[in-house]
Amino acid sequence: MAWTTTMIGWSVLEFGNKMGYPDLRHSLDALRWGTDYFLKATSVPDRIVAQVADPVLDHDCWERPEDMDTPRNSYLLNASHPGSEVAGEIAAALAVGALAFRKISPSYTKLLLNRAIQASWWECGLIFSFF
């Protein structure tokens, strides 16, 4: 999901001026949906939510989400459970989101950039909170 969000952001940066208004608006909406999710996933200092639910159990369940009774465990990155690949891609998604929204929403841009910096420290194996 982080990679997809990053690619949507780069598409907006590279081709946004060639998109018509409806397509650009849809692209920005999709980008914001992804970056909002990653803001939630990185909202607690020194922890990143990397995944929700067991993928095998989840994909073996063929019923409506409302009827699912499979466990919905969260898998976290922290000091004892590192994951630089996930942290790095989340940081990239947040950073490209900051670039895409810089002219539209300066306050959202600042939030995305600060969180990207926080998440990027995970990529280096350092755990610091900037908040």
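Of the possible polar contacts, none joining the H81 side chain to the L77 backbone as a donor-acceptor pair under 3.5 Å is found. Formation of a donor-acceptor pair under 3.5 Å by the S74 side chain with backbone atoms of V49 is not found in this model. Proximity of a side-chain donor or acceptor of Q118 to a complementary backbone N or O of S120 within less than 3.5 Å is not detected.
The side-chain heavy atoms of D69 and E63, taken from C-beta on, include a pair separated by under 4.5 Å. Within the 4.5 Å cutoff, no side-chain heavy atoms of L94 are placed close to those of I117. Between D46 and N78, the closest side-chain pair of non-hydrogen atoms is not below 4.5 Å. For the pair R115/F38, no side-chain contact is recorded, criterion being any heavy-atom separation below 4.5 Å from C-beta on.
Two different hydrophobic clusters hold M1 and M7 under the rule that ILVMFWY side chains link at heavy-atom gaps under 4.5 Å. Hydrophobic clustering of Ile, Leu, Val, Met, Phe, Trp and Tyr side chains at less than 4.5 Å, counting indirect connections, keeps V44 apart from Y37. Note on I8 and I104: same hydrophobic cluster, where clusters join Ile, Leu, Val, Met, Phe, Trp and Tyr whose side-chain heavy atoms are under 4.5 Å apart, directly or indirectly. Linking Ile, Leu, Val, Met, Phe, Trp and Tyr whenever their side-chain heavy atoms come within less than 4.5 Å puts L24 and L31 in one cluster. Put simply, V96 and M19 are part of two different groups of oily side chains (I, L, V, M, F, W, Y) that touch within less than 4.5 Å, one to the next.
Minimum interatomic distance between A98 and L113 (heavy atoms only, all atoms of both residues): CB-N, 4.0 Å. V12 and S27 make their closest contact through CG2-CB, 3.7 Å (heavy atoms, listed as atom of the first residue, atom of the second, distance). Minimum heavy-atom separation, A116 to A95: CB-N, 3.7 Å.
Between the side chains of E89 and T6, at least one donor N or O lies within less than 3.5 Å of an accepting N or O.
Taken from CH2 in W62 to CE in M68, the straight-line distance is 11.0 Å, to the nearest 0.5 Å. We find the CG-CZ distance between L76 and R47 to be 5.0 Å, quoted to the nearest 0.5 Å. Residue D23 holds its CG atom at 11.5 Å from OG of S11, rounded to the nearest 0.5 Å.
Salt bridge K40/D36: absent, no basic N to carboxylate O contact under 4.0 Å. Between R72 and D54, no side-chain nitrogen of the basic residue sits less than 4.0 Å from a carboxylate oxygen of the acidic one, so the salt-bridge criterion is not met.
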When you look at L28 and F101, which way does the side chain to side chain contact (heavy atoms under 4.5 Å, CB included) test go after all the steps?
CA-CA 8 Å; L28 288 169; F101 287 105; 4.0 Å; yes
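For the pair R32 and Y108, the cation sits on the ring face: its NZ or CZ lies under 6.0 Å from the ring centre, inside 45° of the axis.
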